[in-house]
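These notes concern the structure reproduced below.
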Amino acid sequence: MKILYIANIRMPTEKAHGIQIMETLHALAQMNLIKTTLLVPRRVNQIIKDPFEYYGIEENFKIVRLPTIDLLFLPFFKKLWFFIESIVFANCAFWYVLFSSKSICYTRDVLVALYLSFLTKPFFYEIHTLPERTSWIHSRVWKKSTGLVVISNGLKKDLVHFGISEKKICVVTDAVDTEKFQIKDSKEECRKRLNLPQNKKIVLYTGHLYKWKGTDVLIEAAKKLDMGILVYLVGGTEEDAQNTKYKIQNTKNLVIIGHRSHKEIPYWLRAADMLVLPTSGKEKIGREYTSPMKLFEYMASGTPIVASDTPAIREILDEKTAVFFEADNQSDL
């Protein structure tokens, strides 16, 4: 069996779905009789490391870079450049799949899925969120796909509401390779490695700094803590990290670290006394759709977890595995 995973992303990327895709393909390639290939666009990338080295993954599948028009490095008209790049990439992927031998296609990009819907080859579409307003593109992709893979029951529920048969939908939450987080280093050794203080309590958040992730609530909660407790935010793009630093200029116990290599994250998780998942409940993506990869990393680390009490998070955690607080309530956190 040949599987073509088609992803319109730079590779490698600092975004979480980069490691998700790489680990998915790595796991599939370990299965007998399955040959896997990742199709990505040939784009300008500030990260020059080989993807397998960057993510610390065995090279047991192939990465093919397809031509595209990449003008996203320009500081203006970014939405236009992304639209053009997406159209060109989807078109190239279409022709690649058309002339490839028998294969099953898999993607989480709706435009790619739309192009695949005009072929007779089977394809699966992975869904992480749904738009507020659906279009004919979504309807066609849902109808023509061989199957839909969603990361939460909230997504499945809404797709069924849109008329999709339950039999066509498979719920598969995010996941991690737990062995990567079973490190031998102690908390003290990890703090020494990361140059963190030994005599403070450390609260940690890892991941992006988008509003629906709830990091603003964590920042406000941090302001209420004394200097014996330090709150670290690890992750986010350079721009988001700089914007967040501006918000906390007078907060001495909150530290913005910025993006770190995925291979370094297990040491941060082990170094902390508490891990926080402050997902906001104000938007549907956080309240009902999300299945955060960071949460599974948190669980694999064994460090205590404090999490927002939302339906999506409740699909994974309960009172035996976390302490919950009211979503968006800084005082409760």
Side-chain angles (χ1 to χ4, degrees), residues 14-17 19-20 128-129 151-155 172-178 180-181 201-225 229-237 240-241 244 247-248 253-260 262 264-333:
E14 71 277 4
K15 294 185 177 180
H17 55 277
I19 185 64
Q20 292 170 338
H128 287 234
T129 187
I151 61 171
S152 68
N153 283 296
L155 285 164
V172 182
T173 63
D174 274 339
V176 296
D177 182 349
T178 56
K180 292 184 178 180
F181 296 87
K201 293 291 185 182
I202 292 180
V203 174
L204 178 71
Y205 167 87
T206 65
H208 277 287
L209 306 175
Y210 306 139
K211 188 174 182 179
W212 68 268
K213 298 284 188 178
T215 49
D216 284 353
V217 176
L218 177 56
I219 288 170
E220 293 305 313
K223 294 177 181 178
K224 299 176 182 291
L225 303 175
I229 303 174
L230 299 180
V231 180
Y232 284 80
L233 275 64
V234 177
T237 63
D240 287 341
T244 304
K247 296 177 184 178
I248 64 162
N253 67 330
L254 207 155
V255 185
I256 309 297
I257 298 297
H259 176 70
R260 285 294 183 269
H262 193 261
E264 190 179 299
I265 297 302
Y267 299 97
W268 282 97
L269 301 183
R270 180 62 58 85
D273 295 289
M274 180 186 297
L275 305 174
V276 181
L277 188 74
T279 310
S280 173
K282 293 180 179 179
E283 297 183 44
K284 207 163 189 177
I285 185 174
R287 186 175 64 252
E288 298 179 27
Y289 291 166
T290 189
S291 177
M293 191 174 73
K294 74 171 67 62
L295 174 52
F296 296 94
E297 294 176 346
Y298 285 8
M299 295 170 74
S301 75
T303 302
I305 301 170
V306 173
S308 295
D309 193 354
T310 65
I313 303 305
R314 282 279 186 176
E315 287 189 27
I316 302 160
L317 296 175
D318 58 25
E319 279 77 5
K320 295 179 181 179
T321 48
V323 174
F324 290 98
F325 72 95
E326 182 183 350
D328 304 294
N329 187 330
Q330 58 184 278
S331 298
D332 201 34
L333 173 55

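Just so you know, these numbers come straight off a predicted model, no measurement behind them.
- For the atom pair CZ (Phe296) and OG1 (Thr178), the distance works out to 12.5 Å, reported to the nearest 0.5 Å.
- Nearest heavy-atom pair across Phe181 and Ala300 is CB-CB, 3.8 Å.
- Aromatic ring pairs are classed by plane angle as parallel below 30°, tilted from 30° to 60° and perpendicular above 60°; the pair Trp268 and Tyr232 is tilted.
- For the atom pair CD1 (Ile202) and CD1 (Ile229), the distance works out to 11.5 Å, reported to the nearest 0.5 Å.
- Between atom OG1 of residue Thr129 and atom CG of residue Leu155 there is a gap of 6.5 Å, rounded to the nearest 0.5 Å.
- Counting only residues at least two apart or in different chains, salt bridge (charged side-chain N to carboxylate O under 4.0 Å, His left out) contacts with residues 214-223 comprise Asp216-Lys247, Glu220-Lys223.
- The salt bridge (charged side-chain N to carboxylate O under 4.0 Å, His left out) analysis of residues 203-212, with sequence neighbours excluded, yields no pairs.
- The side chain to side chain donor-acceptor pair (under 3.5 Å) search around Asn253 returns none, not counting sequence neighbours.
- We find the CD1-CG distance between Ile256 and Leu209 to be 6.5 Å, quoted to the nearest 0.5 Å.
- For residues 275-297, the salt bridge (charged side-chain N to carboxylate O under 4.0 Å, His left out) pairs, not counting sequence neighbours, are Asp158-Lys284.
- The two residues Met293 and Asp174 come nearest to each other via the heavy atoms N-OD2, 3.8 Å.
- The OG1 atom of Thr321 sits 8.0 Å away from the CG atom of Leu295 when rounded to the nearest 0.5 Å.
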Before you tell me yes or no, could you show the steps for Ile316 and Met299 under side-chain contact (heavy atoms from CB on, under 4.5 Å), namely the whole-Å CA-CA distance, both residues' side-chain angles and the distance that decides it to 0.1 Å?
CA-CA 10 Å; Ile316 302 160; Met299 295 170 74; 3.8 Å; yes
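- For the pair Thr206 and Tyr298, the tightest heavy-atom approach, listed with the atom from each and the gap, is N-OH, 3.2 Å.
- Val276 has its side chain out of reach of Val231: every pair of non-hydrogen atoms, C-beta onward, lies at least 4.5 Å apart.
- Contact annotation: the side chain of Ser308 never approaches that of Phe324 to less than 4.5 Å [non-hydrogen atoms, C-beta and beyond].
- Scanning all heavy atoms of the two residues, the minimum distance from Ser152 to Thr290 falls at CB-O, 4.3 Å.
- Residues satisfying the side chain to side chain contact (heavy atoms under 4.5 Å, CB included) criterion with Ala322, sequence neighbours excluded, are Ile305, Leu317.
- Counting only heavy atoms from C-beta outward, the side chains of Arg314 and Asp309 approach each other to under 4.5 Å.
- The two residues His208 and Thr215 come nearest to each other via the heavy atoms O-CG2, 4.1 Å.
- Taking all atoms of both residues into account, the shortest heavy-atom contact from Ala272 to Thr303 is O-CG2, 3.5 Å.
- You'll find the side chain of Glu315 stays beyond 4.5 Å of the side chain of Ser291, heavy atoms only.
- Under the side chain to side chain donor-acceptor pair (under 3.5 Å) criterion, Ser280 pairs with Asp328, not counting sequence neighbours.
- Rounding to the nearest 0.5 Å places CG of Asp332 at 11.0 Å from CD of Gln330.
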